[in-house]
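I have placed the structure first, in the form of C-alpha cells, so that the comments after it can refer back to it.
We name chains A, B, ... by the order of the sequence lines, and we start the count at 1 in each one.
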There are 2 protein chains.
Amino acid sequence: MNISEVARLTGLTSKTIRYYETLGLIDPDRAANGYRTYGSEDVEALQFLQRARATGFGLDESRQLLGLYREPQRHSAHVRELVQHKLEQVNEQINHLQAMAQTLQGMVKACRGDDAPDCAIIDRLADSERK
Amino acid sequence: MNISEVARLTGLTSKTIRYYETLGLIDPDRAANGYRTYGSEDVEALQFLQRARATGFGLDESRQLLGLYREPQRHSAHVRELVQHKLEQVNEQINHLQAMAQTLQGMVKACRGDDAPDCAIIDRLADSERK
DNA sequence: TTAAACCTTCCAGCAGGTGGAAGGTCAAGC
DNA sequence: GCTTGACCTTCCACCTGCTGGAAGGTTTAA
C-alpha cells in the first residue's frame, strides 16, 4: 500500500505520515522504486496515533500509548495513570482559560466601544495601579 | 537604563525584551559601548505588552493593542471588538477542552487500572468499531 | 509521447520564546 | 594594574507538530 492510500485510510496527511516515520513511530518497507510500502500493522499504528492525537494527547503521550498498545505485557494501571494525568492537565488548562475569559469579559463590559478614544481596556493594560 | 533593569521592572526576561525588539515592538537607543539604553516610553510599552500577554493575548494581538495604546485617535469600539473576538476564541477553546475532559474522564472510568493488560482505553484508541 | 498524478528528499517556516556559545565591558577589591 | 564576576553583545539552534514548497524521479493512461 502506498502512502496516499494510507493517508486516506487513517485521516492523516502523507506529510504527517512521513513525519511520524522520522520520529520512529512506524517503519514501513520500501519497494524497489524507493516508494514506501505499508502493511496492516503500520496502518493500525497510524490509526491509533490519529485517534490519540484527536483525543487530545500530545505526540509524546501518543507515542507512550502506542508503546503500551504494542506491549502485550502492559498493566492497565499504567495506561490509566497516563490518562488520569492528562485529564488533570486539561482541567488545569480549563481553569486557566476560564479565568482569562472572566478578565476579558470584564474588559468588554468596561469599555464603552464608541468613536471616542477613552477605553477602559487600554487603561487596564497600561496601568497596574488601577483599582 | 540597561536591559536587566528593564527586565526587573517589566517582569520580562532580557531575552524576551531583545526578541520584542527584533519584532519592531520597541526601538531603544544604544550607548557608546553598544549597550541598549531604555527610556520610560520603552518601559511603558514593555509593561503594556507583558500585561497583554499575561491576559492571554497572542503577540500579534498584543502588537495591535499596543498600536491602539499609542494612537490617541483610536476608537474604543475598535479595541472592544478585538477583545470581544478574543473572548469568543477563548470560549471556543474552553468548549473544546471540556469535550476532551469528558472523553478522558470516560476512559478513566472504563479502565480497571490493575495488573492485567486488558484496558478499555487502549481498546477505544485501537478500534473505531467500538460501540 | 506526453500529461497528470503519484512518489522521493530536503529546506524553511509558523508561535513565542529559551538555551547556550563566544566574546566585549564595567565596577570593585586586592 | 590585575583579576573576578556580573553585566552586555550577537548568533545559532531548539522546542511542538506539523505544513508548504522546491526540485526531481516514477507510474499510468490516453
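You'll find the side chain of F57(A) reaches within 4.5 Å of the side chain of L104(B), heavy atoms only. Between I26(A) and I17(A) the shortest side-chain heavy-atom distance falls below 4.5 Å. No side-chain heavy atom of R63(A) sits under 4.5 Å from any side-chain heavy atom of L66(A). Between I3(B) and Y35(B), every side-chain heavy-atom pair lies at or beyond the 4.5 Å cut-off. Residues P28(A) and T37(A) fail the side-chain proximity criterion, which asks for heavy atoms closer than 4.5 Å. Contact of the R51(B) side chain with the R124(A) side chain is not registered, since no non-hydrogen atoms from C-beta on lie closer than 4.5 Å. Taking 4.5 Å as the limit, every side-chain heavy atom of D42(B) sits out of range of all side-chain heavy atoms of V6(B).
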**Report entry** Full working for side chain to side chain contact (heavy atoms under 4.5 Å, CB included) between L46(B) and V43(B)
**Finding:** CA-CA 5 Å; L46(B) 289 167; V43(B) 174; 5.8 Å; no
Requested in this report: Just do the side chain to side chain donor-acceptor pair (under 3.5 Å) check on Q89(B) and H85(B) with the steps written out, would you?
Outcome: CA-CA 6 Å; Q89(B) 279 179 20; H85(B) 180 66; 3.1 Å; yes
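A donor and an acceptor atom sit less than 3.5 Å apart, one in the side chain of K15(A) and one in the base of dG21(D).
Between the P atom of dA6(D) and the CD atom of E5(B) lies a distance of 18 Å, rounded to the nearest Å. In this structure, the CD atom of E21(B) is 12 Å from the P atom of dC11(D), given to the nearest Å. Between the CZ atom of R30(B) and the C1' atom of dC7(D) there is a distance of 15 Å, rounded to whole Å. Remark: C1' of dC11(D) and OH of Y19(B) are 16 Å apart, rounded to the nearest angstrom. In this structure, I3(A) atom CD1 and dT8(C) atom C1' are separated by 10 Å, rounded to whole Å. The CG atom of N2(B) sits 11 Å away from the C1' atom of dT25(C) (whole-angstrom rounding). As a whole-Å value, the separation of I17(A) CD1 from dG17(D) P is 17 Å. The CG-P distance, from L49(A) to dT16(D), rounds to 16 Å in whole Å.
Phosphate proximity of dA6(D) to S4(B): absent, as no side-chain N or O sits under 4.0 Å from OP1 or OP2. Between dC18(D) and Y20(A), a contact under 4.0 Å exists linking OP1 or OP2 to a side-chain N or O. For dT18(C), the OP1/OP2 oxygens have a side-chain nitrogen or oxygen of T16(B) closer than 4.0 Å.
The nearest pair of heavy atoms linking I122(A) to F48(B) is O-CE1, 4.0 Å.
Comparing atom distances between the R18(B) side chain and each of dT9(D), dT9(C), dT19(D) picks out dT9(D) as nearest.
Summary of the strand contacts: T13(A) and T37(B) both lie near DNA chain D, and taking for each the nucleotide with the nearest heavy atom, the more 5' one is attributed to T37(B).
Note on the helix from dT1(C)-dA30(D) to dC30(C)-dG1(D): terminal axis deviation equals 30°, with five pairs used at each end and the result rounded to 10°.
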Can you tabulate the close N/O pairs, meaning under 3.5 Å, that link protein atoms to atoms of nucleotides 26-30 of chain D?
residue: dT26(D); atom: O4'; partner: Y35(A); partner atom: OH; Å: 3.3
residue: dT27(D); atom: OP1; partner: N33(A); partner atom: ND2; Å: 3.1

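Against DNA chain D, the stretch residues 57-69 of chain A makes heavy-atom approaches under 4.0 Å through G58(A), L59(A).
In this structure, the side chain of T10(A) does not engage the main chain of Q47(A) through any donor-acceptor pair within 3.5 Å.
Separation of atoms CD (E92(B)) and NE2 (H96(B)) is listed at 10.5 Å; rounding is to 0.5 Å.
Using a 4.0 Å heavy-atom cutoff across all strands shown, R36(B) reaches sugar-phosphate atoms only and no base atom.
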